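All of these numbers come straight from a predicted model, not from anything done at the bench.
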Amino acid sequence: MQYRIYQIDQQIPNYRRTKFLIPDICPNCGKINNPQSSIEGHTHYSGFKIIYIRHHCPSCQKDHWSIQKVFPDSDDSDPQLLTYTPSSSLRQFEKRISDFSPRFVDMYHQAEQAENNGNIELAGIGYRAAEEILIKDFAVKFSSDDVEKVSKYTLNSAIGHYFKDSDALGVSADVVRINENDYAHWNRPQNFDTNQKLQELKAYLDIFISQINVKLMIKNPPVSRNHKSNK
């Protein structure tokens with residue numbers, strides 16, 4: 001994970017310009033990290049301090065915490081990060097995807113957190129739910145169907161209807177759907193490997209997301225061709 005240096009005034013001599021680190025990405029929600037940081041405690045040593053910082057993310061309204069070693073104003077040393085929690089970072093999506101379907105991103109991150117916590121079966125169900133959100137957001141935006149009509153499609157029907165002309169989208173979406181069924185259903189193959197199937201599901205979900213991203217790029221180009229002939 002990448003970190004950047006911030007500065008905070010501890011309002012005590014020699015520590016008015018205390019430098020500390022925050023990660024570029026919020027470890028809770030995966031969005032750009034611009035937290036409100038406050039020092040909750042400190043331990044003073046000769047030549048440095050250990051500070052305990054609460055970071056409140058305005059995007060997800062959740063806290064993350066760090067313990068850092070910092071130095072007096074006269075010292076040119078950079079701060080040292082001792083620990084950060086939660087430690088697992090979440091996937092950062094391109095702004096194009098995040099802006100287009102923020103609920104998809106939120107659901108994907110919930111599935112990611114379940115996976116990071118060892119809840120593999122919940123993660124499989126969550127990734128499938130994220131895929132359905134992205135499919136239906138795409139359908140509402142780029143088909144002639146309204147929200148009410150789109151909402152009535154099952155995931156299987158939505159894939160067949162909206163992506164029938166795209167093998168990459170249709171196949172990748174179907175792999176995610178079929179694999180997830182085994183996570184959700186009571187009766188499943190005896191040789192079902194939850195970890196292996198989750199990695200397969202995620203790989204095909206990545207293909208699906210990348211194809212949606214390409215379609216968004218094509219439908220929203222930064223420049224457009226001038227169809228008027230030059231004279």
Side-chain angles (χ1 to χ4, degrees), residues 1-120 122-123 126-127 130 133-134 198-199 202 205-206 209-210 213 216-217 220 222-223:
M1 183 182 292
Q2 297 295 314
Y3 294 86
R4 61 186 186 275
I5 295 177
Y6 268 51
Q7 186 171 293
I8 192 170
D9 183 357
Q10 294 194 58
Q11 299 184 344
I12 58 176
N14 299 323
Y15 286 91
R16 302 302 297 264
R17 298 187 302 276
T18 300
K19 294 184 291 185
F20 67 97
L21 297 167
I22 65 167
D24 289 342
I25 304 303
C26 172
N28 287 310
C29 67
K31 295 182 180 178
I32 299 299
N33 200 26
N34 291 300
Q36 299 168 349
S37 298
S38 58
I39 296 176
E40 301 296 314
H42 70 270
T43 304
H44 191 89
Y45 296 91
S46 177
F48 67 90
K49 293 176 76 172
I50 302 297
I51 60 175
Y52 315 95
I53 312 178
R54 180 173 70 93
H55 310 275
H56 183 73
C57 174
S59 295
C60 65
Q61 299 296 311
K62 294 181 180 179
D63 292 337
H64 42 287
W65 301 78
S66 67
I67 300 176
Q68 306 191 30
K69 182 178 181 179
V70 299
F71 301 90
D73 297 339
S74 59
D75 194 315
D76 292 332
S77 299
D78 287 334
Q80 297 176 15
L81 182 65
L82 302 181
T83 185
Y84 219 104
T85 186
S87 59
S88 58
S89 60
L90 301 178
R91 175 174 178 173
Q92 183 182 11
F93 288 94
E94 292 192 41
K95 188 174 184 297
R96 185 181 300 106
I97 292 287
S98 298
D99 289 346
F100 175 71
S101 186
R103 190 179 166 211
F104 156 74
V105 173
D106 183 60
M107 181 60 72
Y108 188 100
H109 286 157
Q110 289 185 44
E112 244 182 335
Q113 289 173 323
E115 181 184 1
N116 291 338
N117 290 330
N119 299 315
I120 302 301
L122 288 178
Y127 286 126
I133 291 169
L134 186 56
L198 186 70
Q199 297 312 309
K202 288 173 61 181
L205 182 55
D206 280 347
I209 295 167
S210 68
N213 188 51
L216 292 174
M217 292 174 68
N220 299 281
V223 295

Less than 4.5 Å apart, side chain to side chain, heavy atoms only: is that true for Lys62 and His56?
no

Looking just at side-chain N and O atoms, do Asn33 and His64 make a donor-acceptor pair shorter than 3.5 Å?
yes

Heavy-atom distance under 4.5 Å between the side chains of Arg91 and Ile209, does that happen here?
yes

List the residues meeting side-chain hydrogen bond (donor to acceptor under 3.5 Å, both in side chains) with Ser98, not counting sequence neighbours, and say none if there are none.
none

Could you go through Leu134 and Phe100, starting from their C-alpha distance and side-chain angles, then the distance that decides it, and tell me whether this counts as side-chain contact (heavy atoms from CB on, under 4.5 Å)?
CA-CA 9 Å; Leu134 186 56; Phe100 175 71; 4.2 Å; yes

Do Glu94 and Leu216 touch side chain to side chain, with heavy atoms closer than 4.5 Å?
no

From Leu81 atom CG to Thr83 atom OG1, the distance as rounded to the nearest 0.5 Å:
7.0 Å

Spatial distance of atom CZ (Phe104) from atom NE2 (His109) [nearest 0.5 Å]
8.5 Å

Please give me the minimum heavy-atom distance between Ser37 and Ile8, naming the atom from each residue.
O-CD1, 3.8 Å

Arg96 atom CZ: more than 12 heavy-atom contacts under 6.0 Å
yes

Any side-chain heavy-atom pair from Tyr84 and His55 closer than 4.5 angstrom?
yes

Side chain of Asp73, backbone of Arg16: donor and acceptor closer than 3.5 Å?
yes

For the side chain of Gln68 and the backbone of Pro79, is there at least one donor-acceptor N/O pair under 3.5 Å apart?
no

Can you tell me how far CD of Gln36 sits from SG of Cys57, rounded to the nearest 0.5 angstrom?
9.5 Å

Is there a side-chain contact between Ser59 and Cys26 in this structure, where contact means two heavy atoms from C-beta onward sitting under 4.5 Å apart?
no

How far apart are the C-alpha atoms of Ile32 and Ile25, what are their side-chain angles, what is the distance that settles it, and do they pass the side-chain contact (heavy atoms from CB on, under 4.5 Å) test?
CA-CA 5 Å; Ile32 299 299; Ile25 304 303; 3.9 Å; yes

Will you find, in the side chains of Ser38 and Glu40, an N or O donor that is under 3.5 Å from an N or O acceptor?
yes

Quick one: pull up OG1 in Thr85 and CD1 in Ile67 and give me the separation to the nearest 0.5 Å.
9.5 Å

Between Ser101 and Ile133, is there a side-chain heavy-atom distance shorter than 4.5 Å?
yes

With rounding to the nearest 0.5 Å, note down the distance linking CD1 in Ile39 to OH in Tyr15.
10.5 Å

Show your working on side-chain contact (heavy atoms from CB on, under 4.5 Å) between Asp9 and Thr18 and close with a plain yes or no.
CA-CA 6 Å; Asp9 183 357; Thr18 300; over 6 Å; no

Answer whether the closest heavy-atom distance between the side chains of Tyr127 and Glu115 falls below 4.5 Å.
yes

Mind checking whether Phe71 and Lys19 have side chains closer than 4.5 Å, heavy atoms only?
no

At what distance, to the nearest 0.5 angstrom, does CD of Gln113 lie from CG of Asn119?
11.0 Å

Review item, side-chain donor-acceptor pairs of residues 46-53, under 3.5 Å, at least two apart:
residue, atom, partner, partner atom, Å
Lys49, NZ, Gln10, OE1, 3.1
Tyr52, OH, Thr43, OG1, 2.9

Answer yes or no: are there more than 12 heavy-atom neighbours, outside Asp76 itself, under 6.0 Å from its atom CG?
no

